[in-house]
Student: 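Pasting a structure here, questions to come.
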There are 2 protein chains.
Amino acid sequence: MNKPRHSRFDCAPGCAVEAAIGLIDGKWKSIILFHLLPGTLRFNEIRRAVTGCSPRMMTKQLRELEVDGLISRKVYAQVPPKVEYTLSPLGRSMEPILLALKTWGDANLSRYGKPRVVDPRVPD
Amino acid sequence: MNKPRHSRFDCAPGCAVEAAIGLIDGKWKSIILFHLLPGTLRFNEIRRAVTGCSPRMMTKQLRELEVDGLISRKVYAQVPPKVEYTLSPLGRSMEPILLALKTWGDANLSRYGKPRVVDPRVPD
DNA sequence: CCGTATCCCATCAGATACTG
DNA sequence: CAGTATCTGATGGGATACGG
């Protein structure tokens, strides 16, 4: 995001964490990246993969990912238009993160059925 | 978040990724969790670790993390008040994610100085 | 097919001030 | 110390319609 929720770098040192998450923060970014792991996809293919994302949002997220250097965009000058999105080397370098996310999600979804299950509060 | 930016589960199967990131999405959550990795912290200790977060936001983020079962909150009935936040087992299970985030951020911050350096667009 | 433009409202998140 | 209350501007994000 040009203006993510994260202030990106006004955090104290050690917030490489914040820098990293700042890039995949955004409603659909992580899922987009995840779906791009297997390979190049076209605009509407991504939309189909990421259920419930409007074209407007899709464009926005893709643009931000592009500006951040995580994906590259290739336009074919033809009719009908064809645009392909591919993980850049930088984007691909996030694979471990994406995989960690997926691993965690899988483990939890399968173990608990769904998150937000644990009651952390002792009734006092 | 009760109402995170992520719709949490209206995504197609395979979006364990989304579920996972939904939990650490939120302006300061990942950094809070990260700082809790070494051990228990008190409210203001976290605030100090997470530069620039207002008490209001801090409370909000902590509550959400608590509701999501990632941290636990222990209140000491004394004056002055003392409240400790600790990673729950579930929260600690996110350590690989947090570490992946940090690793990536470190690699990029040190390599490029700062992100958003790559120009993915071929001038056509 | 791949977007962009506009309208519109819900939510976010900072500042500030106050309390048990 | 550890929050809560309120106000306010900013942003997000959905719906819809249109354009190359």
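Here is how names work: the chains are called A, B, and so on, in the same order as the sequence lines, proteins then strands, and each is numbered from 1.
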Student: So does A/R73 get a side-chain nitrogen or oxygen closer than 4.0 Å to the phosphate oxygens (OP1/OP2) of C/dC2?
Tutor: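 For C/dC2, OP1/OP2 do not have a side-chain N/O of A/R73 under 4.0 Å.
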
Student: Atom CE of B/M57 and atom P of C/dT11: how far apart are they, to the nearest Å?
Tutor: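 Taking atom P of C/dT11 as the reference, CE of B/M57 is at 15 Å.
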
Student: How about B/L33 and A/V17: do any of their side-chain heavy atoms sit closer than 4.5 Å?
Tutor: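 B/L33 vs A/V17: side chains apart.
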
Student: Please report, rounded to the nearest Å, how far the P atom of C/dC2 is from the CD atom of A/E66.
Tutor: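 Checked: the CD to P distance equals 15 Å.
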
Student: Any chain of hydrophobic side-chain contacts (each under 4.5 Å) joining A/Y76 to A/L62?
Tutor: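 No; tracing contacts between hydrophobic side chains, which count when under 4.5 Å, never links both residues.
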
Student: Does a side-chain heavy-atom distance below 4.5 Å link A/R92 with A/L70?
Tutor: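 Counting from C-beta outward, A/R92 and A/L70 never come under 4.5 Å.
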
Student: Nearest whole Å is fine: how far is D/dA2 C1' from B/I32 CD1?
Tutor: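 Between C1' of D/dA2 and CD1 of B/I32: 14 Å.
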
Student: Identify, residue by residue, the members of residues 77-85 of chain A with a heavy atom below 4.0 Å from DNA chain C, and return them in order of residue number, or none.
Tutor: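 The stretch gives A/P80, A/P81, A/V83, A/Y85 as the residues lying under 4.0 Å from the strand, ordered by number.
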
Student: Whole Å only: how far is the CD atom of A/Q61 from the C1' atom of C/dT4?
Tutor: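 It works out to 16 Å between those atoms.
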
Student: Does the pair A/K102/A/D106 count as a salt bridge with the N-to-O cut at 4.0 Å?
Tutor: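 Yes.
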
Student: Quick one: does any side-chain atom of B/T40 pair with a main-chain N or O of B/E84 as donor and acceptor, under 3.5 Å?
Tutor: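 Side chain of B/T40 to backbone of B/E84: no pair is present.
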
Student: To the nearest Å, how far apart are A/K74 NZ and C/dC2 P?
Tutor: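 Roughly 15 Å, once rounded to whole Å.
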
Student: What is the separation between atom NZ on A/K60 and atom P on D/dT11, rounded to the nearest whole Å?
Tutor: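 These atoms are roughly 10 Å apart.
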
Student: Round to the nearest Å and state the distance from A/R42 atom CZ to C/dG3 atom P.
Tutor: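 Roughly 10 Å, once rounded to whole Å.
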
Student: Between B/I21 and A/I31, is any pair of side-chain heavy atoms under 4.5 Å apart?
Tutor: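 No, side chains not in contact.
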
Student: Looking only at side-chain N and O atoms, does A/T59 come under 4.0 Å of OP1 or OP2 in C/dT4?
Tutor: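 Answer yes for this pair, as a side-chain N or O of A/T59 is under 4.0 Å from OP1 or OP2.
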
Student: Can you name the atoms? Protein N/O to nucleotides 5-8 of chain C N/O, anything below 3.5 Å, with the distance.
Tutor:
from: C/dT6; atom 1: O4; to: A/R56; atom 2: NH1; distance (Å): 3.3

Student: Between B/E45 and B/R48, is the closest basic N to carboxylate O distance under 4.0 Å?
Tutor: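 Looking at B/R48 and B/E45, the cut-off is not met.
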
Student: Does some side-chain heavy atom of B/L23 sit less than 4.5 Å from a side-chain heavy atom of B/K29?
Tutor: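 No, side chains not in contact.
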
Student: Measure the CZ-CD distance between A/R56 and A/Q61 for me, rounded to the nearest 0.5 Å.
Tutor: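 The CZ atom of A/R56 sits 10.5 Å away from the CD atom of A/Q61.
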
Student: From CZ of A/F43 over to P of C/dC2, roughly how many Å is that when rounded to an integer?
Tutor: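 Roughly 8 Å, once rounded to whole Å.
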
